[in-house]
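Read the structure below first, then the notes.
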Amino acid sequence: MPELKVTPLGAGQDVGRSCILLNMGGKNIMLDCGMHMGYNDERRFPDFSYISDGPLTPFIDCVIISHFHLDHCGALPFMSEMVGYTGPIYMTHPTKAIAPILLEDMRKVSVEKKGDQNFFTSQMIKDCMKKVIAVTLHQSVMVDNDIEIKAYYAGHVLGAAMFWIKVGSQSVVYTGDYNMTPDRHLGAAWIDKCRPDLLISESTYATTIRDSKRCREKDFLKKVHECVDRGGKVLIPVFALGRAQELCILLETYWERMNLKAPIYFALGLTEKANNYYKMFITWTNQKIRKTFVQRNMFDFKHIKAFDRQFIDNPGPMVVFATPGMLHAGLSLQIFKNGLPTKIT
Ligand SMILES: [Zn+2]
């Protein structure tokens, strides 16, 4: 059997900075290009000097990105625009649409708030995204005459994919985070029956049993309900894109079922933009949402409205979603100072 070599430039024994170099049949394929959220120095990006001290184009045949989380794509503009890579980059359509929003948000925090130097610019994010070739699920893509790739649904977040990669007689399946059970807004991972020579999988929570989601959700709804019943205000800091959508759906359904009247607001910003992407890519969500979509778009929430600053002083109960970044300087802080008795994390 021809040699198959795997070199983790990130992740490996670590959480974050997923970046795996796969060498098969004489081809070099980079699987994910993430950043480490725990570092502010050069360790935040994979050490590309392992591959070359100069531009990487002659040494890498293609880059494949599994999903939009920054620990999987956060180093991409650095790699392509600063280290130098002009070859093909593959990801799904939703990932291509959402990744630049997260990259720009992270850049702003790093450069404008923390004063980081040697960081990519907004223009570099744009130039990097121009190199991206968006793929559709189950579509066989020939990278060159020898490399064939195919994306499969992974659940986890909108657009997340596993990739089947074939070079010559060998094949590898690579997956970042994936979900085997459908959640409130996404379906379960699925792949064709296959016999890869190697399976590379994310395993961060592989040996952890997390509390039942249903219990946590019930607990969450109970706390929110109690608070608004007392006439209180609830501030929910949400950042993770998928989580925000899930909580919106959860509250929306609960409000409908319990016939609650307290207003729910969604602070404008990152997640609102993302909400629109969920609407655009409704076919990527789970079957239940897709069915509802035939009657009305599930993401056009009946009880959840965009938040306006003038609502801050409104008397009576309310629930507000805002991003944690806003807790430091922005909207959340202002709402918080205006006497929010309850905060749920
Ligand atoms: Zn992820």
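Just so you know, ligand 1 is whichever comes first in the structure, and atom 1 is the first atom listed for that ligand. Values below: every heavy atom of this structure, side chains too, minus hydrogens, waters and symmetry copies.
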Restricting to N, O or S atoms of [X], which is nearest to the Zn ion (ligand 1)?
X: Asp177; result: OD1
X: His69; result: ND1
X: His67; result: NE2

Using 30° and 60° as the class boundaries, would you call the ring planes of Tyr265 and Phe307 parallel, tilted or perpendicular?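 Rings of Tyr265 and Phe307: perpendicular, over 60°.
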
Would Glu104 and Arg107 count as a salt bridge (charged side-chain N to carboxylate O under 4.0 Å, His left out) if you check the C-alpha gap in whole Å, the side-chain angles of each, and the deciding distance to 0.1 Å? CA-CA 5 Å; Glu104 177 56 24; Arg107 191 200 64 79; 3.1 Å; yes

Examine His72 and say whether one of its N/O/S atoms is closer to the Zn ion (ligand 1) than 2.8 Å.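 His72 does not place any N, O or S atom closer than 2.8 Å to the Zn ion (ligand 1).
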
Membership question, hydrophobic clusters at under 4.5 Å side-chain separation (ILVMFWY): are Val132 and Val135 in the same one?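 Shared cluster, no.
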
Main-chain N/O of Gly155 paired with Asn179 side-chain donor or acceptor, under 3.5 Å: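 No: the side chain of Asn179 does not pair with the backbone of Gly155.
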
